[in-house]
Amino acid sequence: MKILILNGPNLNLLGKREPGIYGSRGFLDYYEELTKRYPNIEFEYYQSNIEGEMINKIHEVGFSWDGIVLNAGAYTHTSVALQDAIRGINTPVIEVHISNVHKREEFRHKSMISCACAGVICGFGLDSYRLGVEALIAMKG
Ligand code: DQA
């Protein structure tokens, strides 16, 4: 199985950014642990602060890879273009969030991408990514 972990804007600052909400662990440290847990899965990690670069990456893997675990950051709440990109590919996308967006400001309650994704996981800290991987494995059967 080939799975892309795709992080959007400001998620390069994990570990430093609002640690009370997102924790104090850097993502690359977590990613190493995640990949070791699934030795039979081929992972790639890509992060961009630029919407168009995220869309290009979705197009690149979206017709041949088995799944995408996507934390679109704040673009979750704004991006019709990401929704269209997800609708345009065959690869299933699991939307994940570290925080429980529904416990936070009202503008975070609305996702522009959920309707195009296979499912949504939020509120489990970095473990949301592992749960996203588990969802893709379960879907593959
Ligand atoms: C986030 C939640 C978003 O509302 C926020 O803009 C982020 C991170 C999360 O993982 O909890 O950047 O996607």
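We're numbering straight along the sequence, starting at 1. As the structure lists them, so they are numbered: ligands from 1, and atoms in each ligand from 1. Side chains included, hydrogens not; waters and symmetry mates left out as well; all remaining heavy atoms used.
Contact atoms of ligand 1 toward Ala74: 6 (O), 12 (O) (distance under 4.0 Å to a heavy atom of the residue).
Of all protein heavy atoms, the one lying nearest to atom 4 (O) of ligand 1 is His77 NE2, 2.7 Å. For atom 5 (C) of ligand 1, the closest non-hydrogen atom of the protein is Arg108 NH1, 3.3 Å. With hydrogens left out, the protein atom closest to atom 8 (C) of ligand 1 is Tyr22 OH, 3.5 Å, a heavy atom. Closest to atom 11 (O) of ligand 1, if we only count protein heavy atoms, is Ser99 OG, 2.6 Å.
Using a non-hydrogen distance threshold of 4.0 Å, Asn10 does not register as a contact of ligand 1. Look at Val101 and you'll find a heavy atom under 4.0 Å from some atom of ligand 1.
In the displayed structure, Glu105 atom CD is contacted under 6.0 Å by more than 12 heavy atoms of other residues, nucleotides or ligands.
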Can you check salt bridge (charged side-chain N to carboxylate O under 4.0 Å, His left out) on Glu33 and Arg25, steps first, answer last?
CA-CA 12 Å; Glu33 182 188 306; Arg25 190 168 184 190; 2.7 Å; yes
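Remark: side-chain polar atoms of Glu95 are not paired, donor with acceptor, to backbone N or O of Cys117 under 3.5 angstrom. In terms of modelled atom types and a separation under 3.5 Å, the side chain of Ser111 and the main chain of His77 share no donor-acceptor contact. Judged by distance alone, the side chain of Tyr75 and the main-chain N or O of Asn49 form a donor-acceptor pair under 3.5 Å. Side-chain N or O atoms of Gln47 include one that pairs as donor or acceptor with a backbone N or O of Gly8 at under 3.5 Å.
Each of Asn71, Val61, Ile58 was compared with Leu6 under the side-chain contact (heavy atoms from CB on, under 4.5 Å) criterion, and only Ile58 meets it.
In terms of polar-atom proximity, Arg104 is not counted as a contact of ligand 1, lacking any N or O under 3.5 Å from an N or O of the ligand. At least one N or O atom of Asn71 sits closer than 3.5 Å to an N or O atom of ligand 1. At a 3.5 angstrom cut-off on N or O pairs, Ile98 counts as close to ligand 1. Looking at Leu11 next to ligand 1, no N or O pair under 3.5 Å apart turns up.
When the heavy-atom distances from atom 12 (O) of ligand 1 to Glu95, His97, Arg17 are ranked, the shortest goes to Arg17.
In this structure, Phe27 has its ring center under 6.0 Å from that of Tyr45.
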